[in-house]
Trainee: 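Below you'll find the structure I mean.
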Amino acid sequence: MSNRVVVGMQWGDEGKGKIIDLFSKEADYIVRYQGGNNAGHTVVVGNQKFILHLIPSGILHKNKICVIGNGVVIDPKALLDEIENLRERGIKVSNKNLLISEKAHVILPYHKVFDKLREEKKGLKKIGTTRKGIGPCYTDKVARCGIRIVDLLDREIFRKKLKENLDEKNEIFRSLYKFKGFNFQQIYKEYCRYAKKIKPFARNCSVLLNKAIDKKKNILFEGAQGTLLDVDHGTYQFVTSSNSTAGGASCGTGVGPAKIDEVIGVVKAYTTRVGEGPFPTEFSPKLMSKIREKGEEFGATTGRPRRCGWFDAVLVKHATIVNGTKSIVITKLDVLDDMETLKICVAYKYKNKIYKISPANTNLLNECKPVYIKLPGWLKDTSVVSQYKNLPSKAKNYLKCLSKLVGAKIYLVSVGSERQQTFNVR
Ligand code: IMP
């Protein structure tokens, strides 16, 4: 292997957890670089299902070092609970296999309440966030008043920064939201307890990763969410607050772009999204519930039903461009096994104008009608297929068509949640 980024090419939930788990075998370090516990990466090992929110999926492998990079926002309670849950299930977690960047920002209780109150105030215009405090924490980071892990570990700095933040935030809570705000002592004591437990894991992770690269170690960068949720390249404002595209791997870890060898995109054979925002190829309710049931399309973090739709080649092509992806992995092909006809969106139409590139104007994208091509379905069970050559020819045809339309080679195909339900495309 080499230094690889695995990135979601749609609106998240493409099945990255499983793919990262597979690639982890060849990696020495598995690194999260953005997002927080809004993510839910599902990995099935035998009859056990793990859903990882903050900790890289590589934790399920022995002798790997997992890193939470500086670009991630960390809810300390969620992190410690995740460590505890893994330990209870027999997975060893210590600072031998998990390290956290001291520059990562900390999610505080007021971030979560801001997330909720802002969403409620927006009413119908809400984003549909996971309400984990992600956006408000990144807001503070960019506003330069955030609290980092290194600040949390120093009681005096933490005291000062928390006080300054609470003075400002409580005033906003009271005047804008009629909410009484937070008590300093309560948060201070609670977070000092977390600090003690987190301290052994904290490191200068950019130095550590660059040294590892010098020693020819293999790094796997684990993207969370997906390209269309990226704050710059996604369907703004219905996005998350971080750079979930491959470029985020550099800023979110301190490993320069020239040290990254490959970007692998994970693409679902159809499209899903959770939360609000444009979705040109969204299914009608009947087809939606059929695919949702078959694909178990319910949010791994919030349990919310996912919206489902036809494959949108316009958006995935955009993702291949902004990520510089040459190879993609297609997941959940088996979910389409019962479809007599499959549609793929190849352009949009709006007021008699054809768009082959997705428009930046979110309102316009909302109004666009998809232009579809139709392909025959294969009507055979692909979940039992273990080699590309044994796929029905109509399924191969569908894959070839996707590959051509999005401009990337298909590297792997996944036809079920288990590790062995994956095969190479040659
Ligand atoms: P936030 O990241 O909680 O602020 O949510 C912003 C948007 O990103 C919402 O539409 C969420 O549903 C979506 N989102 C955040 N994390 C994920 C994820 O891991 N998978 C899919 N959607 C996500």
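In each ligand, atom 1 is the first atom listed, and ligand 1 is the first ligand listed. Here the structure is a predicted model, which means the values were calculated and not measured.
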Trainee: Return the closest protein heavy atom for atom 2 (O) of ligand 1 as residue, atom name and distance.
Mentor: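 Looking only at protein heavy atoms, the one closest to atom 2 (O) of ligand 1 is T240 OG1, 2.6 Å.
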Trainee: Hey, which atoms in ligand 1 end up nearer than 4.0 Å to a heavy atom of W11?
Mentor: 21 (C), 22 (N)
Trainee: Whether R4 engages the ring of F221 as a cation-pi pair (distance to the six-membered ring centre under 6.0 angstrom, angle to the ring normal within 45°) should be assessed.
Mentor: no
Trainee: Is there at least one pair of N or O atoms, one from K132 and one from ligand 1, spaced under 3.5 Å apart?
Mentor: no
Trainee: Inspect the contact between E190 and R193 and indicate whether a charged nitrogen and a carboxylate oxygen are less than 4.0 angstrom apart.
Mentor: no
Trainee: Just to confirm my output: which protein heavy-atom neighbour is closest to atom 17 (C) of ligand 1, and how far is it?
Mentor: Q225 CG, 3.5 Å
Trainee: Answer yes or no: does an N/O atom from V274 fall short of 3.5 Å to an N/O atom of ligand 1?
Mentor: yes
Trainee: Under a 4.0 Å N-O cut-off, is there an ion pair linking R307 with E282?
Mentor: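 The answer is yes: the pair qualifies as a salt bridge.
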Trainee: Look at atom 3 (O) of ligand 1 and say which protein heavy atom is nearest, naming residue and atom and giving the distance to 0.1 Å.
Mentor: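 It is T130 OG1, 2.5 Å.
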Trainee: Between T235 and W11, is there a side-chain donor-acceptor contact under 3.5 Å, judged purely by atom types and distance?
Mentor: yes
Trainee: I'd like to know if R131 and D115 make a salt bridge, using a cut-off of under 4.0 Å between side-chain N and carboxylate O.
Mentor: no
Trainee: Which of the listed options, L229, N37, D115, holds the heavy atom that is closest to atom 14 (N) of ligand 1?
Mentor: L229
Trainee: From the options V239, T129, L228, I127, select the one whose nearest heavy atom is closest to atom 5 (O) of ligand 1.
Mentor: T129
Trainee: Work out whether the distance between some heavy atom of S241 and some atom of ligand 1 is less than 4.0 Å.
Mentor: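 Judged by the 4.0 Å heavy-atom criterion, S241 does not count as contacting ligand 1.
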Trainee: Can a cation-pi geometry be assigned to R89 and F50, taking NZ or CZ under 6.0 Å from the six-membered ring centre and within 45° of the ring axis?
Mentor: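 Output yes; distance and angle both within limits.
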Trainee: A side-chain contact here means heavy atoms from C-beta on lying under 4.5 Å apart; do V371 and Y355 qualify?
Mentor: no
Trainee: Closer than 4.0 Å to some heavy atom of G128 - which atoms of ligand 1 meet that?
Mentor: 9 (C), 10 (O), 11 (C), 12 (O)
Trainee: Looking at D13, which atoms of ligand 1 are within less than 4.0 Å of one of its heavy atoms?
Mentor: 20 (N), 21 (C)
Trainee: Can you label the angle between the F173 ring and the F114 ring as parallel, tilted or perpendicular, going by 30° and 60°?
Mentor: parallel
Trainee: Just which atoms of ligand 1 are under 4.0 Å from any heavy atom in R304?
Mentor: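 Taking each heavy atom of R304 in turn, ligand 1 has 11 (C), 12 (O) under 4.0 Å.
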